[in-house]
Amino acid sequence: MLDDMFDHLEGLRDQPVWQCAPDDIRASMRAPLPIEPTDLQAVHADFKDTILPYGSGNTHPGFMGWAQGGGTAVGMLAEMLAGGLNANLGGRDHMPIAVERQIVAWVREIFGFPAAADGQFLTGASQANFVALLIARTRACGAGVRTQGVSGFGQLVAYASCDVHGCVPRAMEMAGLGRDALRLIRTDECGRMDNDALRRQIARDMAKGLRPFMIVGTAGTVNVGAVDDLAGLARIAAEFRLHFHVDGALGALGILSDDLAPLFDGIELCDSLAFDFHKWAQVPYDAGFLLVRDGAWQPETFASPAAYLARAETGLAAGDWWPCDRGPDLSRGFRALKTWFTLKTYGVRALGASMATNCQLARLTADRVSAERDLVLAAPVCLNIVCFSYAPGGVEADPGINGRIVQYLHAAGEVAPSLTTLDGVQVIRAAFVNHRTTADDVDRLVSGVLAAGAALLSRA
Ligand SMILES: *Cc1c(COP(=O)(O)O)cnc(C)c1O
């Protein structure tokens, strides 16, 4: 199995980014419940036939869709070790817990957080943003909100830019606050939250007797990679005594690159920070993380007494750091191990350099797009994301063409960008996250879009 996976990873370039699984392959996943055992070799052969060739593409250098990490062989091997250990990271006294605490200490150092800061792995930034919101709610209302619910505490309202990731309004829904209580503040021409508009909206809401409790800044918006003015947001949060959370899912770890770090000035001032090791740090899925400024806030929101989780002085039930007191999960996997292996084996300098290279590729793409008379750049490039349109002779005549081009490219299997909508117009979006992607892939993207656009137009 290991040999096969090494071959697979070494041969990525010879395979399509993605290919559509044919019907007979899909049918293999509608099999009856296996009552009797099957030989492991036969199960593995099934895997090679029906799963391996039809993956989600994000390991491939030509993958540029959404914002997904490429993984590494080191991370894969660490996953195997973690699987063998099968440790449960809910709590208790064992070294896997110490590994997660080690990562917390490293994360604290990376982001310049104080010694009292704490954190934990979660599935991803969606979950980390939700957990941060619950912590902000408890900070605003006090622990009584846990027993009484939010209704007795006035109308809580939160703030984010209109380009905030969809998981933040959904976190408001899941918390019972409702998405209407998330004020979406307009952005400037670079996609950053307009801080003056934010300040005015908070003042208006307070005058109406509402209860502002949280500002969510974004460090790398999902559409264009914009980084809000985090230091400015920190000042506003301090002025109005609000919890300042940063969604740094795709961008925050860019701080590991000296070139990119200035973009994130002020991130060290936030009260909580969500980010993903599984995106830019190339740790295999899933490895989301939440860092909070004061470690006491987590148990205030989540710790619950339970007889079967009683602590002991010594023995396996000892230990003073049980993640189950600090978040929503009891049983938890050993996400820390693949992260520990990745950070140690490559070192954070190389990870940061790979992020800086991704940003150079994004700028190269923007330059190439600007030089082509049939392509139009749709947004300034601030990080690792480029949005552009196919517009023959500079004219965006056909609103559906970008969507058809992207589908055409996915079927062709050389490069896989995705789509987004900017100012009501659907555009092609290339996000450079994978450490395997090179300038040749940028060539393939630009020439692929031009060829696809021309082919689709001549067909119409
Ligand atoms: C990817 C992303 C998320 C969601 O993170 P998951 O790890 O997929 O849950 C949230 N915010 C931003 C800005 C993202 O890029």
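Just so you know, ligand 1 is whichever comes first in the structure, and atom 1 is the first atom listed for that ligand. Keep in mind it's a predicted model, so treat the numbers as computed, not measured.
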For Phe275, the option from Trp280, Phe111, Phe121 that meets ring-ring contact (aromatic ring centres under 6.0 Å, His included): Phe111

Asp367 atom CG: more than 12 heavy-atom contacts under 6.0 Å: yes

Near ligand 1, at a heavy-atom separation below 4.0 Å: residues by chain and residue number: Gly124, Ala125, Ser126, His165, Cys167, Gly220, Asp247, Ala249, Leu250, Asp276, His278, Lys279

Trace of the side-chain hydrogen bond (donor to acceptor under 3.5 Å, both in side chains) decision for Asp247 with Thr218: CA-CA 5 Å; Asp247 176 5; Thr218 302; 5.1 Å; no

Trace of the side-chain contact (heavy atoms from CB on, under 4.5 Å) decision for Thr123 with Asp329: CA-CA 10 Å; Thr123 45; Asp329 302 313; 6.0 Å; no

Residues Arg192 and Asp228 bridged, charged N to O under 4.0 Å: no

Residue Met95 excluded, over 12 heavy atoms near CE under 6.0 Å: no

